[in-house]
Amino acid sequence: MTETLIKNADIVLTMDDARSELKGADVLIRDGVIAEIGQGLETQGVTVHAKGRIVTPGLVNTHHHLYQTLTRAVPGAQDALLFGWLQRLYPIWSRFGPEEMFISAQVGLAELALSGCTLTSDHLYLYPNGSRLDDTIAAAQQVGLRFHATRGAMSIGESDGGLPPDALVEDEKAILEDSIRVIDAFHDPNPGAMVRVGVAPCSPFSVSRDLMRDAAILARDKGVMMHTHLAENDEDIAYSLEKFGCRPGQYAEDLGWTGDDVWHAHCVKLDGQEIDLFARSRTGVAHCPCSNCRLGSGIAPVREMRDAGVNVGLGVDGSASNDIGNLIGEARQTLLLQRVKNGADAMSAREALEIATRGGAQVLGRDDCGQIAVGKRADIAIWDAQTVENAGSWDPAAMVLAGPQKVRDLFVEGRQIVADGQLATIDLGATIRRQNDLAQRLAN
Ligand SMILES: [Zn+2]
């Protein structure tokens, strides 16, 4: 039996069903699970003193392309719209191999962990030069984050009227076979799972209608979740209307891509009927506000979605379209964007934090994560309440509105991943040096 006691926190923002906020509270972790919450708790194990700290559930990232940390701020892709941006980056990505996938994932996961994230999904949809989903899963196991890897795919290359170069697309039969392989090898359906696998064709404009449908059948046969990009910007809607004769929501519904086992990234352009469809079908949305700003895609109707009952989580999206992989920063950006669109009372800091924690957990089908309550997994972030960023505040909401944007300590399944602001699991300095060597090779 291993125990860790988080002792005497200034406040614990639990995000439990009552949204309890507990002053001067202790949280006792036993064998990876939250065992007790209260005051005056004792342990024979490790004690982490939390006076001057704010304790929250670990943040949940519902959309990322970890490999893109190797193509941040690429010249020629800094100022482009989605389709032009992709065409600039595809040739660079086609030179990636297993080491690029592994190192870039470690960098992205470390960046997420330092911003308070304990559970992340990843959407890997290209496999050049022998790369495999296994490379990113190995990276996550070393860094120590809870990881939902999705087996992405592209199958319609330039010669078939698609956007990606032919060298980056795969045969559809091979995609389905490899999806089965990685699900069988890595997917853990049990509560407390550290690795789950999902099925994730890249987007309706990079795979066929058949693959969308077959992927959904496969996912349901295997009991895994499904993920793709949907309704990201105006070009995306125009493409759907022209090629499929319908809006993206209709296309998704026709091919089995709605339900509580499905989540779609972006959904910036969903209309009222599509929002109703997602609410009725319990389809989840990964909201990526910084990426949407960076690519000029628009402001997603998060207020409308939440009011209609749609499950919404946050995503940093890949570092080629956001550049920063800081998840608590996305919570702040979510609130700011909804206020630009709907006014200053459109979203509170506490609601943004709720979307970033239990909202994301719900989108990923993890009712065992995303809140601090007895019996839930011990995924916990501890924030310093005495930094220069938040000095002068007396409401914990300051952690979303002001900062800090880096966590002090982080626990995943009760294991300490970040200690005193430093990653405790891998040699981050060495990883960054290797990443920069690889980036330099790509630049040349
Ligand atoms: Zn994306």
Side-chain angles (χ1 to χ4, degrees), residues 60-74 77 80-90 92-93 96 101 104-105 108-109 111-112 117 120-127 133 136 147-154 162-164 168 198-207 212 215 225-237 239-240 248 252 257 262-270 284-300 302 312-327 329-330 333-334 360 363-364:
V60 178
N61 183 40
T62 60
H63 187 65
H64 207 334
H65 312 286
L66 287 165
Y67 75 92
Q68 292 180 7
T69 64
L70 258 173
T71 49
R72 290 189 219 250
V74 167
L81 284 175
L82 177 65
F83 284 15
W85 171 89
L86 283 170
Q87 280 159 334
R88 166 70 178 123
L89 288 163
Y90 283 141
I92 304 173
W93 294 337
F96 277 47
M101 293 301 180
S104 58
L109 290 161
E111 192 182 10
L112 280 174
C117 175
T120 184
S121 62
D122 186 47
H123 188 186
L124 182 58
Y125 52 82
L126 40 87
Y127 296 87
L133 195 67
T136 57
F147 193 51
H148 286 205
T150 63
R151 207 302 180 182
M154 299 192 293
L163 214 53
L168 274 184
V199 175
C202 183
S203 65
F205 56 79
S206 50
V207 302
M212 289 295 289
M225 292 188 71
M226 300 142 61
H227 181 49
T228 192
H229 294 97
L230 203 78
E232 182 163 352
N233 69 359
D234 289 330
E235 287 173 290
D236 200 341
I237 302 294
Y239 186 94
S240 184
W257 277 78
V262 183
W263 83 107
H264 294 288
H266 302 303
C267 298
V268 173
K269 297 292 176 181
L270 289 193
V285 169
H287 173 50
C288 308
C290 288
S291 171
N292 298 158
C293 288
R294 163 74 149 79
L295 292 175
S297 299
I299 302 173
V302 174
V312 180
L314 298 187
V316 297
D317 203 358
S319 305
S321 67
N322 176 357
D323 309 291
I324 300 172
N326 185 301
L327 192 51
E330 297 295 327
Q333 191 70 15
T334 297
V363 165
L364 296 184

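Atoms within each ligand, like the ligands themselves, are counted from 1 in listed order.
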ring-ring contact (aromatic ring centres under 6.0 Å, His included) partners of His287, counting only residues at least two apart: none
Test applied, side-chain contact (heavy atoms from CB on, under 4.5 Å); reference residue, Leu230; option that passes from His266, Lys269, His264: His264
With sequence neighbours excluded, residues passing ring-ring contact (aromatic ring centres under 6.0 Å, His included) with Phe147: none
Parallel, tilted or perpendicular, as decided by the 30° and 60° cut-offs, for the rings of Tyr67 and Phe96: perpendicular
Validation row, ring centre His123 to ring centre His229 under 6.0 Å: yes
Salt bridge (charged side-chain N to carboxylate O under 4.0 Å, His left out) involving Asp323 - partner list, sequence neighbours excluded: Arg294
Near the Zn ion (ligand 1) (under 2.8 Å) - protein N, O or S atoms: His63 NE2, His65 NE2, His229 NE2, Asp317 OD1
